[in-house]
Amino acid sequence: MRRILPAAATALILLTFTAFAGDEYISVDKDGNIHVSGPFNAVIPKPAQAFAAGPMHSTPSFLDENLKVSLAGYFADDQFVTVQVETTDAGAGTLSNKNYPVRQIAGREFRVRDACIDISQEDLDGDSDPTFEFVEDQGVKIVPAMQAVQLVVINADGTAQGTILFMRNVPGGCEAVTPEFKAAFDAAFERFVGSIRAAD
């Protein structure tokens with residue numbers, strides 16, 4: 001299970017974000033609940049003993065493709081979850097989650113993948129990306145490893161993607177992940193997804 005997710009996690013975390021008006025897909029209310037709108041609509045209740053950060057918005061471009069991205073997250077001492085919505089002006093079907101395994105979570109099928117990711121302090125110190133720094137600035141213990149699960153939904157025409165990245169610190173590194181740790185992690189993620197479904 002090691003090293004399946006680094007590129008996806010990095011792509012999710014390592015975007016450069018700047019404020020822009022009129023295209024925001026995520027907001028945070030006064031109680032810290034995340035509201036998703038636009039191509040997807042959901043309320044994501046703030047977990048107990050966590051705090052909300054963001055949202056951050058960006059409009060990156062790649063060649064002829066223009067994206068609109070919103071990101072927010074919940075953070076605690078040794079874990080965090082980010083919620084991201086991305087749209088593209090490229091053709092229908094550009095975005096897909098078909099290569100993700102299907103998993104039953106909180107009574108519904110979702111496309112998800114998971115992995116343990118080794119992260120060294122040198123990796124963190126050597127990266128000056130403002131969004132990676134945003135995650136670090138929340139005071140989450142990231143080193144030496146994070147167990148991660150990524151859930152991805154795509155709209156009907158493949159031009160919008162919603163992503164939840166749920167991560168928890170692994171104090172002994174990826175080699176220390178036990179079946180009990182993984183079971184507790186999976187149960188916590190299922191409760192989180194269940195809270196979203198209950199709020200909708």
J.: I'd like to know if the side chain of Arg197 and the backbone of Ala106 have a donor-acceptor N/O pair within less than 3.5 Å.
T.: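 Such a contact is found between Arg197 side chain and Ala106 backbone.
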J.: Is there a side-chain contact between Ser195 and Pro45, using heavy atoms and a 4.5 Å cut-off?
T.: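 Contact flag for Ser195/Pro45 side chains = yes.
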J.: How many angstroms lie between CD in Gln147 and SG in Cys174, if you round to the nearest 0.5 Å?
T.: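 Interatomic distance, Gln147 CD to Cys174 SG, rounded to 0.5 Å: 7.0 Å.
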J.: Using every non-hydrogen atom in the two residues, find where Ala148 and Ile117 come nearest and quote the distance to one decimal.
T.: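 Scanning both residues completely, I find the closest heavy atoms to be CB-CD1, 4.1 Å.
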J.: Apply the test side chain to side chain contact (heavy atoms under 4.5 Å, CB included) to residues Phe189 and Leu151: give CA-CA distance (whole Å), side-chain angles for both, the deciding distance (0.1 Å), then the verdict.
T.: CA-CA 10 Å; Phe189 183 62; Leu151 181 155; 4.0 Å; yes
J.: Does the plane of the ring in Phe80 sit parallel, tilted or perpendicular to the ring in Phe75? Use 30° and 60° as the thresholds.
T.: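 Phe80 and Phe75: parallel rings.
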J.: If we check side chain to side chain contact (heavy atoms under 4.5 Å, CB included) with Leu165, which of these qualifies: Val149, Thr82, Val152?
T.: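 Of Val149, Thr82, Val152, side chain to side chain contact (heavy atoms under 4.5 Å, CB included) with Leu165 is met by Thr82 alone.
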J.: Evaluate Thr163 against Gln161 for side-chain hydrogen bond (donor to acceptor under 3.5 Å, both in side chains), listing each step before the verdict.
T.: CA-CA 6 Å; Thr163 304; Gln161 176 174 299; 3.2 Å; yes
J.: State, to 0.1 Å, how close Val28 and Pro55 come at their nearest heavy-atom pair, and which atoms those are.
T.: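 Closest approach of Val28 to Pro55: CG2-CD, 3.9 Å.
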J.: Of all the heavy-atom pairs spanning His35 and Asp29, show the shortest one and how long it is.
T.: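 Shortest heavy-atom separation between His35 and Asp29 comes out as NE2-OD2, 2.8 Å.
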J.: Taking atom types as modelled and ignoring hydrogens, do the side chains of Glu65 and Thr88 form a donor-acceptor contact shorter than 3.5 angstrom?
T.: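 Distance-only check passes for Glu65 and Thr88.
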J.: May I ask you to test the Gln138-Phe51 pair for a side-chain heavy-atom distance under 4.5 Å?
T.: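 The answer is yes; the side chains approach within 4.5 Å.
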J.: Strictly by modelled atom types, are Asn97 and Asn99 linked by a side-chain donor-acceptor pair under 3.5 Å?
T.: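 No.
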J.: Quick one: does any side-chain atom of Asp78 pair with a main-chain N or O of Asn169 as donor and acceptor, under 3.5 Å?
T.: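 Side chain of Asp78 to backbone of Asn169, a donor-acceptor pair under 3.5 Å: no, none is there.
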J.: Give, for atom NZ of Lys98 and atom OG of Ser96, the distance between the pair rounded to the nearest 0.5 Å.
T.: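 Lys98 atom NZ to Ser96 atom OG measures 6.0 Å (nearest 0.5 Å).
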J.: Please round to the nearest 0.5 Å and tell me the distance separating atom NZ of Lys141 and atom CG of Asp77.
T.: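 Answer rounded to 0.5 Å: 11.0 Å.
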J.: Between the main-chain N or O of Ala183 and the side-chain N or O of Asp186, is there a donor-acceptor pair closer than 3.5 Å?
T.: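 No; zero donor-acceptor contacts below 3.5 Å.
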J.: Does the pair Asp114/Lys182 count as a salt bridge with the N-to-O cut at 4.0 Å?
T.: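 Salt bridge flag = yes for Lys182 with Asp114.
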J.: Taking all non-hydrogen atoms of both residues into account, name the closest pair between Asn155 and Ala160 and its distance.
T.: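 So the minimum-distance heavy-atom pair works out to OD1-N, 2.9 Å.
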J.: Are side-chain heavy atoms of Tyr100 and Val112 found at a separation under 4.5 Å?
T.: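 Not in contact.
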J.: So for atom CD, which belongs to Gln49, do other residues, nucleotides or ligands contribute more than 12 heavy atoms lying within a distance under 6.0 Å?
T.: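 Incorrect, the count does not exceed 12.
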J.: Will you find, in the side chains of Glu86 and Tyr25, an N or O donor that is under 3.5 Å from an N or O acceptor?
T.: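 No, no side-chain donor-acceptor contact under 3.5 Å.
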J.: Between the side chain of Asn66 and the main-chain N/O of Ser61, is any donor-acceptor distance below 3.5 Å?
T.: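 Checking the backbone N and O of Ser61 against the side chain of Asn66, no donor-acceptor pair under 3.5 Å is found.
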J.: Is the charged tip of Arg168 near the ring of Phe185: under 6.0 Å from the six-membered ring centre and within 45° of its axis?
T.: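 No, Arg168 and Phe185 do not form such a contact.
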J.: Test side chain to side chain contact (heavy atoms under 4.5 Å, CB included) on Leu71 and Val83 and set out the steps.
T.: CA-CA 6 Å; Leu71 170 71; Val83 179; over 6 Å; no
J.: If I compare all heavy atoms of Val193 with all of Phe110, which pair ends up nearest, and what's the gap?
T.: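 Distance-wise, the nearest heavy atoms are CG1-CE1, 3.9 Å.
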J.: Does Asn41 CG have over 12 foreign heavy atoms under 6.0 Å away?
T.: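 Yes, because the 6.0 Å sphere around CG of Asn41 holds more than 12 heavy atoms from other groups.
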J.: Closest approach of Thr87 and Pro39, non-hydrogen atoms and distance?
T.: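 Nearest pair, atom of Thr87 first, then Pro39: CG2-CG, 3.8 Å.
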J.: Please check: side-chain N/O of Asp31 versus main-chain N/O of Asn33, any donor-acceptor pairing under 3.5 Å?
T.: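 Such a contact is absent between Asp31 side chain and Asn33 backbone.
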J.: Check for a donor-acceptor pair, side chain of Arg111 on one end and backbone N or O of Val102 on the other, with a separation under 3.5 Å.
T.: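 Absent.
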J.: I'd like to check Val170 versus Cys116 (side-chain heavy atoms, cut-off strictly below 4.5 Å). Are they in contact?
T.: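 Heavy-atom side-chain distance check passes, below 4.5 Å.
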J.: Are Ile26 and Val43 in one and the same hydrophobic cluster, where Ile, Leu, Val, Met, Phe, Trp and Tyr link if side-chain heavy atoms are under 4.5 Å apart?
T.: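 Unlinked, Ile26 and Val43 end up in two clusters.
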J.: Determine whether more than 12 heavy atoms belonging to other residues, nucleotides or ligands lie under 6.0 Å from atom CG of Asp157.
T.: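 More than 12 within 6.0 Å, yes.
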J.: May I have the step-by-step check of side chain to side chain contact (heavy atoms under 4.5 Å, CB included) for Gln84 and Val69, ending in yes or no?
T.: CA-CA 7 Å; Gln84 179 174 296; Val69 183; 3.7 Å; yes
J.: Please assess Tyr74 against Gln79 for the test side-chain hydrogen bond (donor to acceptor under 3.5 Å, both in side chains), listing each intermediate value before the final yes or no.
T.: CA-CA 9 Å; Tyr74 292 123; Gln79 58 191 315; over 6 Å; no
J.: Determine, stepwise, if the pair Thr59 / Leu67 fulfils side chain to side chain contact (heavy atoms under 4.5 Å, CB included).
T.: CA-CA 5 Å; Thr59 54; Leu67 305 176; over 6 Å; no
J.: Measuring from Ile196:CD1 to Ile44:CD1, what's the distance to the nearest 0.5 Å?
T.: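 The CD1 atom of Ile196 sits 4.5 Å away from the CD1 atom of Ile44.
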J.: If we only count heavy atoms from C-beta on, is the Ile164 to Gln150 side-chain gap below 4.5 Å?
T.: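 Heavy-atom side-chain distance check fails, nothing below 4.5 Å.
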